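First comes the structure, then the notes that go with it.
Values in this document were obtained by computation on a predicted structure and should not be read as measured data. A note on names: the letters A, B, ... follow the listed sequences, proteins ahead of strands, and every chain is numbered from 1.
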2 protein chains.
Amino acid sequence: MIPEATVARLPVYLRALTALADRGIRTCSSEELATAAGVNSAKLRKDLSYLGSYGTRGVGYDVDYLRYQIAREIGVTQDWPVVIVGIGNLGHALANYSGFRSRGFRVVALLDADRSRHQEVVAGVAVRPFDDLEAIVHEHAVAIGVIATPAAAAQDVADRMVACGITSILNFAPAVLAVPDGVDVRKVDLSIELQILAYHEQRKAQVGQAAASVDGVDGLDGLDGAAGVGSGQLDGATIGVDK
Amino acid sequence: MIPEATVARLPVYLRALTALADRGIRTCSSEELATAAGVNSAKLRKDLSYLGSYGTRGVGYDVDYLRYQIAREIGVTQDWPVVIVGIGNLGHALANYSGFRSRGFRVVALLDADRSRHQEVVAGVAVRPFDDLEAIVHEHAVAIGVIATPAAAAQDVADRMVACGITSILNFAPAVLAVPDGVDVRKVDLSIELQILAYHEQRKAQVGQAAASVDGVDGLDGLDGAAGVGSGQLDGATIGVDK
DNA sequence: AGGAGCTTGTGAACGCGAGAACAAAATCTC
DNA sequence: GAGATTTTGTTCTCGCGTTCACAAGCTCCT
Ligand SMILES: NC(=O)c1ccc[n+]([C@@H]2O[C@H](COP(=O)([O-])OP(=O)(O)OC[C@H]3O[C@@H](n4cnc5c(N)ncnc54)[C@H](O)[C@@H]3O)[C@@H](O)[C@H]2O)c1
Ligand SMILES: NC(=O)c1ccc[n+]([C@@H]2O[C@H](COP(=O)([O-])OP(=O)(O)OC[C@H]3O[C@@H](n4cnc5c(N)ncnc54)[C@H](O)[C@@H]3O)[C@@H](O)[C@H]2O)c1
C-alpha cells in the first residue's frame, strides 16, 4: 500500500517531529518539517498523503497528532519484543543502546553460544545460551531478531530464528542470508557504507587531479557542483530469497 | 558515470568473490556469483558491464581478476585512513572491528570530548582529545570520518570535520546532518531499520487477522506469497544539503 | 574445422519514485 | 462577509533502476 521508499522515511519524520515537540513546537508546516527531516517539502507532503489527510491547509500539521498517526502507521505505538543474538563487541553496544526502548522496542533476551558469556548481565538483561531461543521467542511472542554474530554463524542463526517463528531479522553480519518468503531481512553493513564513501572519495580525487592537470595549478574552483552531488543512499534488496 | 545503485552493490559482489576465492574457486558464472551476492544474474551482469567487459562468454568470470577490478573501481586497493569520533559503546565496537582493516580502511585515530576516556587505548589506538582532530586529519590526509557521538553533538562534530577538510562522513547518530556541497554523508540508523521491520511486521499481522476472520479459523494457508514480498531495502538520501 | 552448447553483454520495455506545478481549502484582514 | 494569503493534497512529467530477452562470442567436442 505505502511505497517502500516512503516507509523508509516515516521514521525520519517521526524523529524530526519528536525533536520539534521537545522544543515545545505544537504546529509546523511541511516546509519546516521537511527541513528538519532533510528532505524536500513536496516529497514530505506526498509521503504523508499516503497516510491520510492529517494536515490543515493554510495552517500546517499538528505536531503531536501527526506524530501519533505516523507512529501508529509504523506500528510503534505498541512495544515490539526483540532478541539479540551474538553478544560480542557489537552486541554489547546494541544491548546498551537506549534508543531501543525509547522507540518502541524492548530487548527481551540476549543470546550467545559462548558459555563464558552466560554469567554476564548487560543493561539489566542476562546473557543466555543460544539454545534458549525457542523458549524465549514463544514466551514473549518475539517477531524481530537481531543478528550480531560473526558472518560464518549468521545463516545458522537465521535458520534457527525462522524455525522458531521469527519473521523479521536485522542482520549486522556481513553475510547474505537466505530466508523463506514472508520473512523480512534488513542488513546493516558498515564496510559497505565505507566502501561507498571510498568510491566517491576516489572519484573526487580523480576529478580534482584531472582538473588540476588541465587547468594548470588549482583545479578546485569549478568543482563545487560536480563532486558528490545528488547521489542518494540506497541499498540493494536483501529481502526474501530470490529464485 | 556508474549508477549509484550499482555502486552500492559492488561491495557486496566484492565480498561474495572473496568468499568464493577463499573456497578455492577460480572461476564463476554470473549465475553463481549472483546467488552468492543475493541478487539476480541480469542485474549482476548489467552492474559489471558498467566497469567494462571483464568476463568471458561461455566461461564466466575469473574470480581474482574480477575481484581486483571491482576493488580498483571502488578504490579499496589503496588504504583509506579513517577517524572515529565518539568512543562510547558504539565507538568501542567500531574501534575493535577487524573488518575495517581487512577491507581497505585504517583507523588512524579515536577521538572523544570526554577527558576521562583519554587514558584509554582501544585495539591498539589511543583515545585522544577531540581538539586533536585537525592535526590528525592533516598529518594522515584523512578524508573519511565516522561519527559515533550522541545526536546532540553530531552536527558540531560534522562541522569541525568539514572545516578540517574531511569530505566523507559516516554518521551513526540519529540526526540529520547539514553539510556543504561536495561532502558526502551516509547514515546508519538502527532504530530506522527496526521501525521499517516493525511496519512490515504489523502489516503481516493485520493481513493474518483479516484472513483469519474471513476464512474462518486458520487464515495462514494462502499467505506465503502475500506477506513481505519483493520489498527492497532503500533509504532516503542524506547526501549534500538540500535547498 | 565446424557446429553445438554455454554464458556474457546490452538493447528495449516497464514500473516506480522524485520533483515541479497547481488546484482546493483553511485562515486572516478589513 | 469577501477577497487576499497561506499551505496542503494531488496530478503530471521526467528520469532512473530493474528485468526480460536475445545477439555476440567463447569453448569443447567430434
Ligand atoms: N564490531 C563492529 O563494530 C562491527 C561493525 C560492523 C559489523 N560487525 C559485524 O557484526 C558481527 C559481530 O561483530 P563483533 O565485533 O561483535 O564480533 P565478536 O566476535 O565480538 O562477537 C560475536 C559474538 O557472537 C557469538 N557467537 C558466535 N557464534 C554464535 C552462534 N552460532 N550463536 C550465537 N552466538 C554466537 C560469539 O560468542 C561472540 O560473543 C560480525 O559479523 C561483524 O562482522 C561488527
Ligand atoms: N550503542 C548502539 O548500539 C547504537 C546503535 C545505534 C545508534 N547509536 C547512536 O550512536 C551514537 C553513540 O552511541 P553510544 O551508545 O556509543 O553512546 P555513548 O554515550 O556510549 O558514547 C558517546 C560518546 O561520544 C562522546 N562525545 C560526546 N560529545 C562529543 C563531542 N562533541 N565530541 C566528541 N565526542 C563526544 C562521549 O564522551 C561518549 O564517549 C549515539 O548517537 C547513538 O544514538 C548507538
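The NZ atom of B/Lys43 sits 21 Å away from the P atom of C/dA13 (whole-angstrom rounding). Residue B/Leu33 contributes atom CG, which lies 15 Å from atom C1' of C/dG9 at whole-angstrom precision. Summarising the geometry, the separation between CG on A/Asp62 and P on D/dT7 is reported as 16 Å, rounded to the nearest angstrom. B/Met1 has its CE atom 17 Å from the C1' atom of D/dC16, to the nearest Å. The CZ atom of A/Arg9 sits 9 Å away from the P atom of C/dG17 (whole-angstrom rounding). Atom CD of A/Glu31 is separated from atom P of C/dA20 by 11 Å (rounded to the nearest Å). Nucleotide C/dG17 holds its C1' atom 15 Å from the CG atom of A/Leu10, rounded to whole Å. Protein atom OH of A/Tyr54 is 14 Å distant from nucleotide atom C1' of D/dG9, rounded to whole Å.
Side chains of A/Thr6 and A/Asp47: a donor-acceptor N/O pair is present below 3.5 angstrom, by distance only.
For B/Asn40 and D/dT19, the shortest distance from a side-chain N or O to OP1 or OP2 is below 4.0 Å. Note on B/Ser29: every side-chain N or O is 4.0 Å or more away from OP1 and OP2 of C/dT7. A close approach under 4.0 Å does not occur between any side-chain nitrogen or oxygen of B/Tyr50 and OP1 or OP2 of D/dC16. Look at A/Ser30 and you'll find a side-chain N or O under 4.0 angstrom from OP1 or OP2 of D/dT8.
Judged by atom type and distance alone, B/Arg57 does not reach the base of C/dT7 through any side-chain donor-acceptor pair under 3.5 Å. For C/dG19, the base has a donor-acceptor partner in the side chain of A/Lys46 [N/O atoms by modelled type, under 3.5 angstrom].
Nearest to the side-chain atoms of A/Ser49 among the listed nucleotides D/dG17, D/dT10, D/dT18 stands D/dT10.
Side-chain N or O atoms of A/Asn171 include one that pairs as donor or acceptor with a backbone N or O of A/Ala175 at under 3.5 Å.
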For A/Ile70 and A/Leu48: C-alpha separation, side-chain torsions, deciding distance, then whether side-chain contact (heavy atoms from CB on, under 4.5 Å) applies. CA-CA 9 Å; A/Ile70 294 179; A/Leu48 294 184; 4.0 Å; yes

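Each of B/Val59 and A/Gly58 lies near DNA chain C, and the nucleotide nearest B/Val59 is the one positioned closer to the 5' end.
Of the candidates A/Glu32, A/Arg67, A/Arg45, A/Tyr61 forms a side chain to side chain contact (heavy atoms under 4.5 Å, CB included) with just one, namely A/Arg45.
Surrounding CZ of A/Arg72 are more than 12 heavy atoms belonging to other residues, nucleotides or ligands, all under 6.0 Å away.
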